[in-house]
There are 2 protein chains.
Amino acid sequence: MKHSHDHNFLEQLDNQGLKKTELRLAVLKILSEANSPLSADEISQKLKKVSFDRATLFRTLKTFTEKHLISGIDLGEGCQRYEINCVTHHHHHHIICSQCKKIEIVPFCIPNEFKEFLTGRGYQEITHRMDFSGICVKCYKS
Amino acid sequence: MKHSHDHNFLEQLDNQGLKKTELRLAVLKILSEANSPLSADEISQKLKKVSFDRATLFRTLKTFTEKHLISGIDLGEGCQRYEINCVTHHHHHHIICSQCKKIEIVPFCIPNEFKEFLTGRGYQEITHRMDFSGICVKCYKS
DNA sequence: GTTTATGCAAATGGTTTGCACTCGA
DNA sequence: TCGAGTGCAAACCATTTGCATAAAC
């Protein structure tokens, strides 16, 4: 899908005191147009037109994550996936098909009681991760 | 803590058609005496008395996981941790302290509705992962 | 003209693999 | 004895790091 806020990338980089380079703009564009979280490999593939170095890509992803422009997520595949952080992309969880690896967003989050329980146990700054895997309809039918 | 079913290790290996070697027995013993999931490194450290090879240890952990004698869990540290599977250790989730890395078991699991929702969406053989992190009381106080 | 970002090459860390040898059943 | 299990060395794969160059501001 196309986004109308492509031009915001420049602004976002500026706000974070980051220089606007071709790679950075390309990565932001790719992630904002993706409909599911992408691995570094997948981003690389979509970067065909842009010349870049793998180390630089990882540095970019790390910087963006630290500046909260993107989020890294782990679905147990042994690599990180990255998602753009924008107003329309708030906190959520995923399910990944164990066969075709298709990823969907899941429309629920953990009950408040969980966090309350842990707070009661003295934990501070609690974060959680939750994800699902299963065989999707398509794969199951075939 | 000491367990009275140490002698079951031999039996468990037998049941799975696995040969009873010193390393395997030692790993089962270590994991059954551990009070939180151990990484391959931590298991290695506890194996001081037994001579072993790192590759063999990983092969052992893989075999045990496949035979469901142990479970591998990922708490986002970049390595797997392993827990013994026995009658007294059923499905559960963890919280890890983001500072001291102490791991505790959390006494709740996801609501049934989550799985039901996904089943309704056509997913089969659904599994989930859920874990927490936060600063534990001890670390917070210091 | 600085500071920050990049490319290159090499290192890291957890884990896996190929192969010949060894040991448990 | 015979196949499963092991040690060793080397490979793997995602990611990181050091350093000198290049580009952004």
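Below, read A as the first sequence line, B as the second, and so on, with proteins coming before strands; counting in each chain starts at 1.
Pairs passing the salt bridge (charged side-chain N to carboxylate O under 4.0 Å, His left out) check and including a residue from residues 118-140 of chain A, sequence neighbours excluded, read A:D74-A:R129, A:R129-B:D74, A:R129-B:D131, A:D131-B:R129.
Atom CZ in B:F52 sits roughly 18 Å away from atom P in C:dC23 (whole-Å rounding). For the pair A:F64 CZ and C:dT6 C1', the computed distance is 14 Å after rounding to whole Å. If you take CG of B:D74 and P of D:dA14, they are 16 Å apart, rounded to a whole angstrom. For the pair B:E22 CD and D:dA4 P, the interatomic distance rounds to 22 Å; values are reported in whole Å. In this entry the distance linking NZ of A:K62 with P of C:dT6 reads 15 Å, nearest Å. One interatomic measurement links the two molecules: CZ of A:R81 to C1' of D:dA14, which rounds to 13 Å at whole-angstrom precision. Across the protein-nucleic acid pair, A:D53 atom CG and D:dT17 atom C1' stand 12 Å apart, rounded to whole Å. Spacing between atom CG of A:L23 and atom P of C:dC8 amounts to 13 Å, rounded to whole angstrom units.
Listed candidates were D:dT6, D:dT16, C:dT16. Nearest to the side chain of A:A55 is D:dT16.
The nearest heavy atom of DNA chain D to A:A40 and to B:R54 marks one nucleotide each, and the one closer to the 5' end goes with B:R54. In terms of position along DNA chain C, the nucleotide closest to B:Q80 lies nearer the 5' end than the nucleotide closest to the other residue of the pair B:K19 and B:Q80.
Counting only distance, with no hydrogens or angles, the side chain of A:E42 and the backbone of A:S39 share a donor-acceptor pair below 3.5 Å.
Residue A:K20 places none of its side-chain N or O atoms closer than 4.0 Å to OP1 or OP2 of D:dA24. Distances shown here put a side-chain N or O of B:T21 below 4.0 Å from the OP1 or OP2 atom of D:dT6. The shortest distance between the side-chain N/O atoms of B:T56 and the OP1/OP2 oxygens of D:dG7 is below 4.0 Å. At C:dA5, one or more side-chain N or O atoms of A:R24 fall inside 4.0 Å of OP1 or OP2 (strictly under the cut-off).
Ring pair B:H93/B:H128 is tilted by interplanar angle, where 30° to 60° counts as tilted.
Donor-acceptor pairing under 3.5 Å, judged by distance alone, is present between the side chain of B:R59 and the base of C:dG18.
Heavy atoms of B:S51 sit under 4.0 angstrom from primed sugar atoms or phosphate atoms, though from no base atom.
At a threshold of 4.0 Å, the pair A:D41-A:R54 counts as salt-bridged, since one of the basic side-chain nitrogens sits closer than that to a carboxylate oxygen.
A:H90 and A:H92 have their aromatic ring centers separated by at least 6.0 angstrom.
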